[in-house]
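Take a look at the structure set out below.
In what follows, every chain begins at residue 1, and chains take the letters A, B, ... in the order their sequences are listed.
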Amino acid sequence: MNRVVSTRRDGRWFGTGHSTLTDPGAAGAEAATTAITGTDPVVVFVFCSVGHHTAAMLDAVRERVAADTVIVGCSTSGQLSAGATSKDGVVVAAWGGTGLAVRTHVSRDIANRLRDAGVEAASCLGAVDHPHRALLMLGDGLTGNQDEIVRGAFSVAGAAVPLVGGCAGDQLTFTRTYQFHGGRDGVEILSDALVGVAIGSDAPIGVGIAHGWRKTGSAMIVTRSQGGRVQELDGEPALDVLLRLLGLDESVLDDPDAFRQATFPHPLGLSRRSGEDIRVIHDGDRSDRSVICLADVPEGALAWIMETGPGELAAAAGQSGRQALDMLAGSPALGSLIFDCSARRLTLGDDGVERENDGLLTAMPDVPFAGFYTNGEFARVRGALGMHHFTVVTLALA
Amino acid sequence: MNHWSTHQLTEFFAAVCGPRDEQAAITVAVERAAEVLEAEVAAMLTGDGVQMVRGVDRDLLESALPDGPSPGVLALPGLGELHVSVARFGSEPRGTLLVARVGEPLAPEERQLLQAMGQTLDLALHNIALLAAERRLREEREREAAERLALVASLREARHDSLTGLPTRVLFLEILGAKLDEGGPVSVLFIDLDRFKAVNDSLGHRAGDDLLGHVAGRIRDCLGPAGAGARLGGDEFAVLLGGSTTENAVPVAWRIIEALRRPFRIAGRDVFIGASIGIATGTAGTDPGELLGNADVAMYKAKKDGPGKVILFEPWMHAEALAQLTLGGELRRALELDEFRLLYQPLIRMETGAATGVEALVRWSRPGRGYVPPADFLPLAEENGLITDIGRWVLRAAGHQAARWRRTIPEMTLNVNVSGRQLTDPRFTGDVEKTLAECGLPAAAVTLELTESVLMSDPRTAIACLGDLRDLGVGLAVDDFGTGYSSLSYLQRLPVDELKIDRTFISRAEPTAADLAVIRTVVELARTLKLRTVVEGVETEQQHRAMRALGCDYGQGYHLCRPLEPENVPAAFAGPLAIHPGG
């Protein structure tokens, strides 16, 4: 299969680079050199594993950009580009040329004010006035109810501007994630931050989202919950319900990895008009018999345990890519960014990831793409909901 | 099979009923309506227009709805055509919930859901309004209750002292009036604490307040059922003894003085104070204010004679008090009118009979009224604070004078008396330094004298203040040593250079063996502590010889040399006895 890493069309270019060198500086240099194929990069995205998130890595990127190039990015739970994935490494995506602009705003100390953070991050949209706009957000993935980020951002962006992006990861250790923001003169390495990137383009921008899950068993009512902590389903302790439905023994709680191996293939699905909102169950709490999801599970919601087949889950990536391309109004895609849930990767396994990559390559032939495995995905094109889990989100630029 | 939309109503209900204020509830409702119905635009409108909107700018929506919200198709820039659905809610109606969606119009179930959302919002807003009204009412009631409580407290406070719980002057006079009306004698004790100010100044107001509380307790303990105490203000207390003659009141007064003389444990240390009490007695027909005033006058006299005295009121005391008041007024003007002058009493080296220094003594001559004895005006000046100004004047005047004398008598030293008020004045050390510099007088030529009672009433503070002075290089002397009660442990720690043995030790023209034994002990003590000794009041040749034999370093007194007018001082240093062996 032809794995394209860069394109150049009508004075615009898009490039990707991927390095698994263990030395962060060398990896940054290798990925950036491949990705930055033009002299005038407007923006450079840097996604890397925790450990590669060093000043030396970012210095290597900075050496290769222009004075007004924006550098943004974050730590990940794995990188992907041009049909390849890595656990440890660096992925760089860069674009530049005519008719493209990027402005940014960083919101800091966001943990207890996510809605305000969303408002602040979206404030940079006012600085771009191209016919096609989108707000890309890269946030700390450990900050609680990220729906509030989307509500804040949507209140500023409005329905005409798509929201897209992902939350930083840390190899599913849920300890600390990092966000990058800066330019040639320096790049800040932040935590507890939300980076807003307003994208302006003379050509269309497309956003796609898919998950590949289906409901299983009977519906349950979330009778008690607080944020992402579900205490009761149908009046019964949620952890007991989960263990019973999945046929798991209490001892699975002794090993967090084993617990996730068992629960990631069976997330909670919340009833929505056009399908289900997926909630990854990543932990159980013996003290109050609750289960903990990465995002808000509202009290009163109707929920199902979800399931999927290996083919369906992997195929979602291709669906997401196709949706994004479909929004380009017939224009060929210059390149795309992929935000893929880290729990999907764990659930898919190596074979599934390969099928997923094949799906992306098939759906977006001759389109360079790069991205990372996330702790939550942002995507809003229709309606007002924009925070997702267990999905794959694609941003395509024409 | 339930439709998905009904599932979401529970979620919506839970979310919208959460907020405590209207605006937050409306925001949540609009956001959740857009999310649930996958609408690009959602809004809440009232008769006044758009209250809250998501998805487009408020102005854009208002201009797109010229006739108010109604179902149909709406074209918005950037979004194209949207299908609008509305749900009016509330009886008036309160408002309209609007959603606009690209692509498909709302299905009947979705329209039903929107209507239910509107009604839920109405219910939530209604509840918030009720709760807000209830909260306002509760706050209002709480405020009223607090105001009533404050009023009661303030009334009580006006009649009861908040610190001690004792009646105030107002209530005390009422009780006193009632007792007098009952007939029979009533005695009033006016109690003033001694050294309270020193405690307040050195340990702080909190310790002072604590002390007053304890004092009140001890006074209460001294009273029988017919007694009532009051705090009149500051460190003044009063007691009334119903059915009590003056004679009966005196033992009570002494009991109180004894009780207050015992140490108080304040701020982790023992604090010693005392009290002076004036007693006045009245019968039916006596004005309570006047009776209290009489006791006050007697207390004033007790204080003057004291401290630690009990004095019974006598009518002539009023005249004396008036005279004191007049004197106080004149004393205030004396400085301005330059009525003070200085005499100098030489200090004589006992071994050689030579004058080595002088002590500056302040004198006050009132034009047309004559000489006022220092014992009459210095305590008054101490009491009203003028002593600080007088002391400053003395140091400056004596300093300039001594500096002039030292041009021809370079070894001459100067002793100046310092009051307790001056010592604790935080500016005092700075004043001394400045004054000596102005005069051109070396600090080593000056000795500041402090009475034993000043130093021992609060030795810790004294040690701290003296340390600063010592750093300047001036000498320090304990004046009137032996008249007060000196703690030897403190004496050892006081940074002083000189002990001035009080004249009372040699009051007899021919000292007895006992007198001499005491003085010898003091001299030996001073020698052990490496202090100079100066014996005061040497008035006879026998005393002079005895003191010299005991090893006193210096002496003062009429026999050695009387206080001199300044013009006579150089001559005293030039006499045959003034030849210093080493000079």
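- Proximity to chain A (any heavy atom under 4.5 Å) is restricted, for B:Ala39, to the backbone atoms N, CA, C and O.
- Summarising the local packing, CG of A:Leu245 is surrounded by more than 12 heavy atoms from other residues, nucleotides or ligands at distances under 6.0 Å.
- A donor-acceptor contact shorter than 3.5 Å links the side chain of A:Arg382 to the backbone of B:Val102.
- Listed here is the closest heavy atom pair of A:Ala160 and B:Gly78: CB-O, 3.9 Å.
- One finds a salt bridge joining B:Glu31 and A:Arg115 here, because a Lys/Arg side-chain nitrogen approaches an Asp/Glu carboxylate oxygen to under 4.0 Å.
- Interface summary for chain A: among B:Ala42, B:Gly55, B:Ala34, B:Gly103, the most heavy-atom pairs under 4.5 angstrom belong to B:Gly55.
- More than 12 heavy-atom neighbours from other residues, nucleotides or ligands sit within 6.0 angstrom of CZ on B:Arg135.
- Within a 6.0 Å sphere centred on CZ of B:Arg427, other residues, nucleotides and ligands contribute 12 heavy atoms or fewer.
- At distances below 3.5 Å, not a single donor-acceptor pair connects side-chain atoms of B:Glu35 with backbone N or O atoms of A:Leu385.
- A 6.0 Å sphere centred on CD of B:Gln112 holds no more than 12 heavy atoms belonging to other residues, nucleotides or ligands.
- Taking chain B as the reference chain and counting heavy-atom pairs below 4.5 Å, the highest number among A:Pro131, A:Ala157, A:Gly158 is found for A:Gly158.
- A 6.0 Å sphere centred on CD of B:Glu81 holds no more than 12 heavy atoms belonging to other residues, nucleotides or ligands.
- For the residue pair B:Glu40 and A:Ala159, the shortest heavy atom distance occurs at O-CB, 3.2 Å.
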